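Because the structure is predicted, anything quoted here is derived from the model rather than measured.
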Amino acid sequence: MAAATRTPTALLVMEEERRADVYPAHVLDDIGRLVHWRGPALTRDALRDALRADRGVLDGVDVLLTGWGAPVLDAALLAHAPRLRAVMVAAGSVRHLTTPEFWARDIPIVSAARANAVPVAEFSLAQILLGLKQVHRLGREVTAGRRFPHDPRVPGGYGSRVGLLGLGEIGRLVAEHLRHFDVEVLACDPVVDPVTAAGLGVRLTGIEELFEVSHVVSVHAPLLPETERLVGRRLMALLPEGATLINTARGAVLDEPEVIAMLRDRPDLTAVLDVTWPEPPDPGSPLFTLPNVLLTPHLAGALGGERARLGELVRDELRRFVRGEPLLHAIEPSRAATRA
């Protein structure tokens, strides 16, 4: 990428609620030294209204900075942005933002998925380790029985098996974390080759084997037509006694009615669900009352101060763009289609 011959002009468009977390003052100060601001930050709705009024808000904009609440990069928006040369998204997936018209412009788009993966992977690792000790199962049994079991038999963290359903950005980071532990890591992902998996310390396997032999299964699959309701009664029935299922991906990857039915039939299993479908669950959902479900309110993703990592990634990519250096987190069209 050739170095920019002039200071680019940038506009920040995203929701207000999380803007200060994603782009805190120190990040905005750094960005302000790299670009000219086209104007104050806008929300997606404010940008839409400005474009409808033909106020020229995107005239001269070289870089669109955004995050949660990003505008869709469709033909109508692009028609108002003839100088647009890069889009940088301080969030994960860009699939819902991009259109054929956008890809036809050959504009690089940056995703901060790698930064967003960090807290999700940390949360997943914590739950995996707790699952190997069967903390949730034994905890509820102690509470119900008011006694401690003698020498409980649990897989623990030595020689046990962890299954990763999906080796995308988050799944790979979880695999990297697990290399520090004495566990065997299996994974199922149809778009990952065995050589890549081996480099992560992971053995690829079929989905049935993954569920049949893993003491903990952690779901990291994107929500695609092929993965919708992928995990149901058939796979849950294969889990070993006392196994834990963790879902930090998308709620609809699980067939919730079937999963709920299996959790009722098998109280030895534990489900840690940080995502559901719908989200949150309906008030009458059994997920709120099943004793072997740990339901958390989408905690795994970046929250509060953790969100600054996303803005910092965008800032660093913007610096590379200004210097004409290769972008490290630009998304190719083929990858965008398979991201969560």
Practice problem: Decide side-chain contact (heavy atoms from CB on, under 4.5 Å) for Leu173 and Arg114; before the verdict, give the C-alpha distance in whole Å, the side-chain angles of both, and the deciding distance to 0.1 Å. | Solution: CA-CA 9 Å; Leu173 191 51; Arg114 179 69 180 182; 3.9 Å; yes

Quiz item: Would you call His177 and Val185 a side-chain contact if the rule is heavy atoms closer than 4.5 Å?
Solution: no

Self-check item: Interatomic spacing from OG1 in Thr205 to CZ in Phe211 - rounded to 0.5 Å
Solution: 11.5 Å

Quiz item: Say you draw a straight line from CG of Asp74 to CG of Leu97; how long is it, rounded to the nearest 0.5 Å?
Solution: 10.5 Å

Quiz item: How many angstroms lie between OG1 in Thr66 and CE in Met88, if you round to the nearest 0.5 Å?
Solution: 12.5 Å

Quiz item: Any donor-acceptor pair under 3.5 Å linking the side chain of Thr227 with the backbone of Pro222?
Solution: yes

Quiz item: Mind checking whether Leu64 and Pro71 have side chains closer than 4.5 Å, heavy atoms only?
Solution: yes

Practice problem: Measure the spacing between CG of Leu125 and CZ of Phe181 and express it to the nearest 0.5 Å. | Solution: 5.0 Å

Quiz item: For Asp193, does the CG atom sit with more than 12 other heavy atoms under 6.0 Å from it, leaving out its own atoms?
Solution: yes

Quiz prompt | Separation between CG of Leu263 and CD of Glu258, rounded to the nearest 0.5 Å | solution = 12.0 Å

Quiz prompt | Pair Val94-Phe102, side-chain contact (heavy atoms from CB on, under 4.5 Å): steps then yes or no | solution = CA-CA 12 Å; Val94 301; Phe102 172 78; over 6 Å; no

Quiz item: Is the number of heavy atoms from other residues, nucleotides or ligands under 6.0 Å of Glu101 CD greater than 12?
Solution: yes

Quiz item: Distance-only, no hydrogens or angles: does the Arg161 side chain make a donor-acceptor pair with backbone N or O of Val213 under 3.5 Å?
Solution: yes

Quiz prompt | Side chains of Gln127 and Val216 in contact at under 4.5 Å (non-hydrogen atoms) | solution = no

Quiz item: In terms of hydrophobic clusters joined by side-chain contacts under 4.5 Å, are Val275 and Phe288 together?
Solution: no

Quiz item: Is the shortest side-chain N to carboxylate O distance from Glu317 to Arg320 below 4.0 Å?
Solution: yes

Practice problem: Give a yes or no on whether a salt bridge exists between Glu228 and Arg250, defined as a side-chain N under 4.0 angstrom from a carboxylate O. | Solution: no

Practice problem: Apply side-chain contact (heavy atoms from CB on, under 4.5 Å) to Gln134 and His215, showing your working. | Solution: CA-CA 9 Å; Gln134 297 191 2; His215 301 103; over 6 Å; no

Quiz item: Are Leu129 and Val120 connected in the hydrophobic side-chain network, where two residues link if heavy atoms are under 4.5 Å apart?
Solution: yes

Self-check item: Flag side-chain contact, heavy atom, 4.5 Å: Leu313 against Asn116
Solution: no

Exercise. Could you tell me whether a side-chain N or O of Arg307 sits under 3.5 Å from a main-chain N or O of Val22, the two making a donor and an acceptor?
Key: no

Quiz item: For Arg229, does the CZ atom sit with more than 12 other heavy atoms under 6.0 Å from it, leaving out its own atoms?
Solution: no

Quiz item: Are Leu328 and Ile109 linked, directly or through other ILVMFWY residues, by side chains that come within less than 4.5 angstrom of each other?
Solution: no

Exercise. Please confirm whether the backbone N or O of Pro278 pairs with a side-chain atom of Thr276, one donor and one acceptor, at under 3.5 Å?
Key: yes

Quiz item: Given the rule that I, L, V, M, F, W and Y join up when any side-chain heavy atoms are under 4.5 Å apart, are Val293 and Trp277 in one cluster?
Solution: no

Practice problem: Would you please test Leu254 and Leu245 for side-chain contact (heavy atoms from CB on, under 4.5 Å) and show each step? | Solution: CA-CA 11 Å; Leu254 272 56; Leu245 175 73; 4.0 Å; yes

Exercise. Find the distance between NE2 (His36) and OG1 (Thr7) and round it off to the nearest 0.5 Å.
Key: 4.0 Å

Quiz prompt | Hphob cluster co-occupancy, Leu28 + Val63, side-chain heavy atoms under 4.5 angstrom | solution = yes

Self-check item: Contact summary for Ala86 and Phe321, nearest pair of heavy atoms
Solution: CB-CE1, 3.8 Å

Quiz item: With distance as the sole test, does Asp182 use its side chain to make a donor-acceptor pair with the main-chain N or O of Gly159 at under 3.5 Å?
Solution: no

Quiz prompt | Leu230 and Ile207, any side-chain heavy atoms less than 4.5 Å apart | solution = yes

Quiz prompt | Atom CD of Glu279 with >12 non-hydrogen neighbours under 6.0 angstrom | solution = yes

Self-check item: Distance-only polar pair, side chains of Asp274 and Thr248, donor-acceptor under 3.5 Å
Solution: no

Quiz item: Mind checking whether His26 and Arg315 have side chains closer than 4.5 Å, heavy atoms only?
Solution: yes

Quiz item: Looking only at atom types and distance, does a side-chain atom of Glu306 sit under 3.5 Å from a main-chain N or O of Leu303, one as donor and one as acceptor?
Solution: yes

